[in-house]
Amino acid sequence: QALDPYTISKLDRRGNHTPQDIEEMERRILKALEWRVNPPTTMSFARQLVDLLDLDESTKTTILQLTQCQLEKAVSCYDLSVLETSSTVAFAALLNSIESILEISSTSTSTSITPILSSKYYLVELSMSLLSDCWNTVPLVQQRLYEILSDSSDSEASNTLLLTQSKQNKQQYPKKS
């Protein structure tokens, strides 16, 4: 919860700073930071991308749950949380989640995989255009996410993703040239 400038100025017992002084300093700090004070998280990227997919709400919820499981584990990994962009890690986790759902759905006669498969292709095309500089790292990040899950499979979502990954042949995406 934010403190208003009046309350902050009251903390100055000497009365050297008015609410206007506080607001002016806030503006100067924000200008110096170029307003980069709250960058998007990997999960916020994932939610926005899932909203673009033409899937029913139940499938979207499942994708987000599987994705969140991966992203929670990725936070503790230096290479994924610092060296990779949030958008790259989000795309990789989403692709892992969709591939897991596709694997499970392919064995079920009651589930149509066509919308999920279409969503995967759409996501791949979208990520190739949006992540043009780092698209080739997405499969590597996907694999790293699987490795993290295999080190600590403590949830149903982790187990679902790991089971799927162990059954899959390594999916190769087109190289971005």
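Throughout, residue positions are numbered sequentially from 1 according to the sequence presented.
Glu24 pairs by the side-chain contact (heavy atoms from CB on, under 4.5 Å) definition with Arg27, Arg28, not counting sequence neighbours. Residues satisfying the side-chain contact (heavy atoms from CB on, under 4.5 Å) criterion with Thr61, sequence neighbours excluded, are Gln65. Every residue meeting the side-chain contact (heavy atoms from CB on, under 4.5 Å) condition with Gln68, not counting sequence neighbours, appears here in chain and number order: Met43, Glu72. Taking Glu23 as the reference, nothing meets the salt bridge (Lys or Arg N to Asp or Glu O under 4.0 Å) condition, with sequence neighbours excluded. In terms of the side-chain contact (heavy atoms from CB on, under 4.5 Å) criterion, Leu140 has no residue partners (sequence neighbours excluded).
The stretch residues 134-145 participates, sequence neighbours left out, in these salt bridge (Lys or Arg N to Asp or Glu O under 4.0 Å) pairs: Asp79-Arg144, Arg144-Glu147. Pairs engaging residues 53-62 under the salt bridge (Lys or Arg N to Asp or Glu O under 4.0 Å) rule: Glu57-Lys60 [sequence neighbours left out]. Note on residues 10-19: no pairs pass salt bridge (Lys or Arg N to Asp or Glu O under 4.0 Å), not counting sequence neighbours. Applying the side chain to side chain donor-acceptor pair (under 3.5 Å) definition to pairs two or more places apart or across chains, those involving residues 39-48 are Thr41-Ser44.
For the pair Leu49 and Leu52, the minimum side-chain heavy-atom distance is below 4.5 Å. You'll find the side chain of Leu149 stays beyond 4.5 Å of the side chain of Leu145, heavy atoms only.
Rounding to the nearest 0.5 Å places CG of Asn16 at 11.5 Å from OG of Ser9. Distance check, rounded to the nearest 0.5 Å: CD1 of Ile98 to CG of Leu53 gives 5.5 Å. Between Phe45 atom CZ and Leu71 atom CG the span is 11.5 Å, to the nearest 0.5 Å.
Nearest heavy-atom pair, Pro19 versus Pro5, reported as atom, atom and distance to 0.1 Å: O-CB, 3.6 Å. Taking every heavy atom of both residues into account, Gln142 and Ala92 meet most closely at CG-O, 3.4 Å. The two atoms that bring Val50 and Leu94 nearest to each other are CG2-CD2, 3.4 Å, heavy atoms only. Across Pro40 and Ser86, no two heavy atoms sit closer than the pair O-OG, 3.6 Å.
Residue Val82 shares its hydrophobic cluster (ILVMFWY side chains chained together at separations under 4.5 Å) with Tyr78, Leu83. Cluster partners of Trp35 are Met25, Ile29, Leu30, Leu33, Val37, counting Ile, Leu, Val, Met, Phe, Trp and Tyr whose side-chain heavy atoms approach within less than 4.5 Å, directly or via other members. Grouping Ile, Leu, Val, Met, Phe, Trp and Tyr by side-chain contacts under 4.5 Å, direct or through others, leaves Tyr6 on its own.
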_Chi angles and distances behind the side-chain contact (heavy atoms from CB on, under 4.5 Å) call for Leu66, Asn96_ = CA-CA 8 Å; Leu66 293 171; Asn96 283 350; over 6 Å; no
